[in-house]
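Data first, discussion second: the structure below is written as structure tokens.
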Number of protein chains: 2
Amino acid sequence: MMGPMPEDHVSAAPEPTTAPPSVAFAVSALGFQVGRQLAEGLRPLGIEPRHFGLLRALAISEGQTQRALGQTLNLHPNRMVALVDDLENLGLLERRRHPADRRAHALALTPTGRGVLQQAFEVAVSVENALCAGLEHAERTELLGLLGKLRHQDPTRPGVHPGLYGPPTSE
Amino acid sequence: MMGPMPEDHVSAAPEPTTAPPSVAFAVSALGFQVGRQLAEGLRPLGIEPRHFGLLRALAISEGQTQRALGQTLNLHPNRMVALVDDLENLGLLERRRHPADRRAHALALTPTGRGVLQQAFEVAVSVENALCAGLEHAERTELLGLLGKLRHQDPTRPGVHPGLYGPPTSE
DNA sequence: TATTGTTATACTCTATAACTATA
DNA sequence: TATAGTTATAGAGTATAACAATA
């Protein structure tokens, strides 16, 4: 990875102490900000972005085992335990008996969990709208199109965000 | 924070299990990817993104005290110690005597440090170009313009990225 | 023997607060 | 008394590997 790369859009040797305007930098700083805002918005719901990601993935297909869900989210079985514990303690999901395998759990959202997921989506929408408040509707469409043309390193399942599962952001 | 927000661009209640195309999500996922790529690219130089950030800030005005530099980067004095230790051990900067205050250090880049910073900028340019490889020049300009219109929560000094100083990204 | 979920352990990173030497 | 830098300590998070139950 990180071998020779095409260097056409930006000159190769900028002023050493100065950074040219950079899509990478903008996207990185904005992405961090968005993550913080999402975490803040979810706090009243008692969950963190990683829980949101798990609930969302579970809602897409219920009855999955922890392992299956963990593979979808690229999470080690290990880390799934605490995450599922959290959500079960909050009453947002249940570990039910798996019909075919008595070792495994069949994960299922509770009605409360479905409600919280709904609210979490609304938080996400708020973050989106706050972020895009300075854009006309057409500009936002245009921006989405351009972002879609950026090279994604990890064309995994859509909706899977590798950075969503770290520790809660401090500061 | 996170109070009432305008909700015009996106309907407030999407399908609960499905996410509409979102600038926030795209920017967040791409930002995380960019961070990983930068870390990978810097590894051969023996530094991490946070060291890059510190070197860059130091290059802008040398002779600063650790505290002053830490304030620029929003880093507690505490965390500066290990960071400056790293860079001093690598021979990239020096703690010199402060002319006016014998408690403080005057931080200065070494020639090696200047060289490594230069190489780090080249890595950053590589990441930028890889990211934007699918864009025409005009599209990239357009994208930069649109990103600039997104609402920045933290209009601090330009070039300061709050998420740059966490632990090195695993996975 | 392999696999699911769990636990144990060591390790890293962080934050708070002490500490020292200057001011 | 306050400040610059440092160190100590405790806490949170992660990863690796062991473990029990089941396949």
Side-chain angles (χ1 to χ4, degrees), chain A residues 32 35-36 39 43 46-51 53-54 57-58 61-89 93-108 162-171, chain B residues 32 35-36 39 43 46-51 53-54 57-58 61-89 93-108 162-171:
Chain A
F32 187 80
R36 260 192 323 203
R43 195 166 301 135
I47 63 172
E48 294 165 16
R50 49 173 119 184
H51 301 115
L54 197 158
L58 179 56
S61 75
E62 292 198 63
Q64 290 184 84
T65 66
Q66 281 187 203
R67 258 194 143 74
L69 196 56
Q71 273 164 350
T72 301
L73 301 172
N74 262 309
L75 283 173
H76 288 267
N78 189 358
R79 304 185 53 186
M80 287 294 292
V81 177
L83 225 46
V84 172
D85 279 353
D86 291 344
L87 292 167
E88 193 169 38
N89 290 335
L93 61 72
E94 287 175 355
R95 289 187 239 233
R96 297 192 182 146
R97 273 208 298 279
H98 189 98
D101 187 339
R102 303 210 321 196
R103 296 170 303 184
H105 300 308
L107 300 182
L164 215 58
Y165 304 95
T169 331
S170 62
E171 300 180 53
Chain B
F32 187 79
R36 262 192 324 203
R43 194 165 302 136
I47 63 173
E48 294 166 16
R50 48 173 119 184
H51 300 114
L54 197 157
L58 179 56
S61 76
E62 292 198 64
Q64 290 183 87
T65 65
Q66 282 188 203
R67 258 192 143 74
L69 196 57
Q71 273 164 351
T72 301
L73 302 171
N74 262 308
L75 283 173
H76 287 269
N78 189 358
R79 306 185 50 187
M80 287 293 294
V81 177
L83 226 46
V84 172
D85 279 352
D86 291 344
L87 292 168
E88 193 169 38
N89 290 335
L93 61 73
E94 285 176 355
R95 287 190 242 233
R96 299 196 181 142
R97 273 207 296 280
H98 190 97
D101 187 339
R102 303 210 323 194
R103 297 170 302 182
H105 300 308
L107 300 182
L164 215 58
Y165 304 95
T169 331
S170 62
E171 301 180 53

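Computed from a prediction, not measured in an experiment: that's the story for all the values here. Convention: sequence-line order gives letters A, B, ...; per-chain numbering from 1.
The side chain of A:Arg79 places an N or O atom within less than 4.0 Å of a non-bridging phosphate oxygen (OP1 or OP2) of D:dA15. The phosphate of D:dT6 (OP1 or OP2) has a side-chain N or O of B:His105 nearer than 4.0 angstrom.
B:Leu69 and B:Ala57 get closest at one heavy-atom pair: CD1-CB, 3.8 Å. B:Pro49 and B:Gly35 make their closest contact through CG-O, 4.5 Å (heavy atoms, listed as atom of the first residue, atom of the second, distance). The two residues B:Leu58 and B:Gln64 make their nearest non-hydrogen contact at CA-NE2, 4.4 Å.
A:Glu88 contributes a side-chain N or O that, together with a main-chain N or O of A:Arg95, makes up a donor-acceptor pair within less than 3.5 Å.
Protein atom CD of A:Glu48 is 12 Å distant from nucleotide atom P of D:dA12, rounded to whole Å. For A:Gln71 and C:dT3, the CD to P distance is 11 Å, given to the nearest whole Å. Put simply, CZ on B:Arg97 is 16 Å from C1' on D:dA4, counting in whole angstrom units. Residue B:Met80 contributes atom CE, which lies 17 Å from atom C1' of D:dT7 at whole-angstrom precision. The distance between atom CD of A:Gln64 and atom P of C:dG5, rounded to the nearest whole Å, is 11 Å. In this structure, the CG atom of B:Asp101 is 19 Å from the P atom of C:dT20, given to the nearest Å. Remark: C1' of D:dA4 and CG of B:Leu107 are 12 Å apart, rounded to the nearest angstrom. For B:Asp86 and C:dT14, the CG to P distance is 11 Å, given to the nearest whole Å.
Nearest to the side chain of B:Arg50, among C:dG5, C:dT14, C:dT22, sits C:dT14. In the set D:dT6, C:dT4, C:dT6, D:dT6 carries the atom at the smallest distance from any side-chain atom of B:Gln66. Checked against D:dT7, D:dT14, D:dA23, the side chain of B:Asn78 finds its nearest nucleotide in D:dT7. Minimum atom distance to the side chain of B:Arg103 is reached by C:dA21, of the listed C:dA21, C:dG5, C:dT3. Closest approach to the A:Ala104 side chain among C:dT4, C:dT6, D:dT7 is made by C:dT4 (side chain taken as heavy atoms from C-beta onward).
Within 4.0 Å (heavy atoms only), B:Arg67 reaches at least one base atom of the nucleic acid.
Along DNA chain C, the nucleotide closest to B:Ala100 and the one closest to B:His76 are compared, and the more 5′ of them pairs with B:His76.
The only member of A:His105, A:Arg103, A:His98 that meets side chain to side chain contact (heavy atoms under 4.5 Å, CB included) when paired with A:Thr65 is A:His98.
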